[in-house]
Amino acid sequence: MGDGDVVVGLEPTGMNYARVWIEQLGKRYEVRRINHKDLKSHRKMLRFEDKNDDTDAFCWAHYCSFYDNHKHRFVGFRDEIIAVLKGMINRLEHLNRVQSPIVNRLRQDLAWQFPEVALKRVQRSQSKKENADLSPPLWGWIAGEKMIPRYDRLYQETIGAGLTESSRLDAARLCDLEREMAAIEKEMTYLYRTDSRFKPYSKVLDSFAFLKKTQPIILSVAFPIENFLKDGKPEVVERKGRRSGNKTKKHL
């Protein structure tokens, strides 16, 4: 049997663990993934009552053989650029989760150390200069990374007990996180705006006034739009109504 006759089946979960296998095996063999719901239905069709590794493997092999010429039956792999964008989005979500408890802790400490700014809305710097530090001015001032006279004046007259070293370290951590997120968002925008394939999607999203930083997130799910079609057209199936028994059309 030649390499072209071998199909490798993988479950579409735990991609961080499966990635190395997909990349290495994909160099020699065709790699396919099947939707969990489809595999469950196929197992039921084959009348396997027990779910274990052996029955899953058999059902997988049977499914691949049964639907060999129906590629839409398998979970597709993301476009390379889309996969990069998706990785960046996941990284941003992770950094946001890391950031939230640090912000909450710092605000609680500021309530007694420097209460005049404890509830102040914090935003990134709006500087448009190349390689500008976009970390929030307040966090940068607390960390001792930025000189801001108005905070100097407020701090001289504060009724609080004064900033502690732990608060300054928390502010420095938040600056690092914000700088990393700003760099990721800049790279996402570059990838999104420079690939000509995305221009029709960008035009539509612009017409609906989606934010520039939101558009790559939508694109990572919607591209290519052909994934949602069957033979280039919207997929419509006919099913019997549960109550009436009449045929009804369902737009998938």
Side-chain angles (χ1 to χ4, degrees), residues 10-26 31-38 71-72 74-106 121-137 139-140 170-229 252:
L10 292 174
E11 293 186 69
T13 56
M15 289 306 296
N16 287 322
Y17 302 102
R19 183 172 177 176
V20 65
W21 295 107
I22 292 173
E23 291 179 354
Q24 294 302 317
L25 292 171
V31 179
R32 295 183 183 178
R33 298 181 300 164
I34 179 175
N35 186 289
H36 290 293
K37 291 183 179 180
D38 291 338
K71 296 300 176 65
H72 68 278
F74 298 89
V75 178
F77 289 95
R78 286 191 176 95
D79 174 88
E80 185 177 351
I81 299 298
I82 293 298
V84 172
L85 285 174
K86 187 64 177 177
M88 291 180 174
I89 292 166
N90 291 338
R91 181 65 181 173
L92 286 174
E93 291 175 348
H94 164 70
L95 294 175
N96 270 316
R97 289 193 297 269
V98 171
Q99 184 186 52
S100 294
I102 301 175
V103 171
N104 293 337
R105 179 69 264 173
L106 180 54
R121 185 180 179 186
V122 176
Q123 292 180 307
R124 285 184 193 166
S125 171
Q126 299 303 309
S127 175
K128 295 184 179 180
K129 294 180 180 179
E130 187 70 21
N131 299 322
D133 183 357
L134 300 181
S135 61
W139 298 155
D170 278 342
R173 292 185 186 98
L174 291 173
C175 287
D176 288 339
L177 290 170
E178 286 286 356
R179 282 190 284 265
E180 183 177 353
M181 287 191 287
I184 292 173
E185 289 173 4
K186 182 179 179 179
E187 181 65 16
M188 283 175 57
T189 300
Y190 174 79
L191 290 174
Y192 176 54
R193 291 296 180 182
T194 55
D195 194 315
S196 60
R197 297 174 301 162
F198 303 153
K199 287 184 178 179
Y201 298 80
S202 176
K203 184 177 180 180
V204 172
L205 294 172
D206 282 339
S207 70
F208 284 95
F210 279 103
L211 296 175
K212 299 300 182 185
K213 67 179 182 180
T214 304
Q215 292 191 17
I217 298 175
I218 299 174
L219 182 77
S220 70
V221 179
F223 182 88
I225 198 68
E226 286 76 16
N227 284 348
F228 300 90
L229 306 176
L252 300 182

Could you note down all residue pairs passing side-chain hydrogen bond (donor to acceptor under 3.5 Å, both in side chains) where residues 88-102 supplies at least one of them, sequence neighbours left out?
Arg91-Glu180, Gln99-Glu178

Let me confirm one number: the CG-CG distance from Leu95 to Leu174, rounded to the nearest 0.5 Å.
11.5 Å

Strictly distance-based, threshold 3.5 Å: is any side-chain N or O of Ser202 a donor or acceptor partner for the main-chain N or O of Phe198?
no

Set out, in order, the CA-CA distance, both residues' side-chain angles and the distance that settles side chain to side chain contact (heavy atoms under 4.5 Å, CB included) for Arg179 and Asp176, then state yes or no.
CA-CA 5 Å; Arg179 282 190 284 265; Asp176 288 339; 2.8 Å; yes

How close do Ile89 and Pro216 get, counting heavy atoms only, and between which atoms?
CD1-O, 3.9 Å

Measure the acute angle between the ring planes of Phe210 and Phe208, then classify it against the limits of 30° and 60° as parallel, tilted or perpendicular.
tilted

Side chain to side chain contact (heavy atoms under 4.5 Å, CB included) involving Phe228 - partner list, sequence neighbours excluded:
Ile225

Quick one: pull up CD1 in Ile184 and CG in Leu92 and give me the separation to the nearest 0.5 Å.
4.5 Å

Quick one: CD1 on Ile102 to CH2 on Trp139, what's the gap to the nearest 0.5 Å?
11.0 Å

Say you draw a straight line from CD of Glu80 to CG of Leu85; how long is it, rounded to the nearest 0.5 Å?
11.0 Å

Does Arg173 pair with Asp170 as a salt bridge, N-O distance under 4.0 Å?
yes

Please confirm whether the backbone N or O of Val204 pairs with a side-chain atom of Ser207, one donor and one acceptor, at under 3.5 Å?
yes

Could you please spell out the steps behind the side chain to side chain contact (heavy atoms under 4.5 Å, CB included) verdict for Phe223 and Ile81?
CA-CA 10 Å; Phe223 182 88; Ile81 299 298; over 6 Å; no

Could you note down all residue pairs passing side-chain hydrogen bond (donor to acceptor under 3.5 Å, both in side chains) where residues 208-222 supplies at least one of them, sequence neighbours left out?
Tyr192-Gln215, Asp206-Lys212, Asp206-Gln215

Could you state the interatomic distance from NZ (Lys86) to CE (Met188), rounded to the nearest 0.5 Å?
10.0 Å

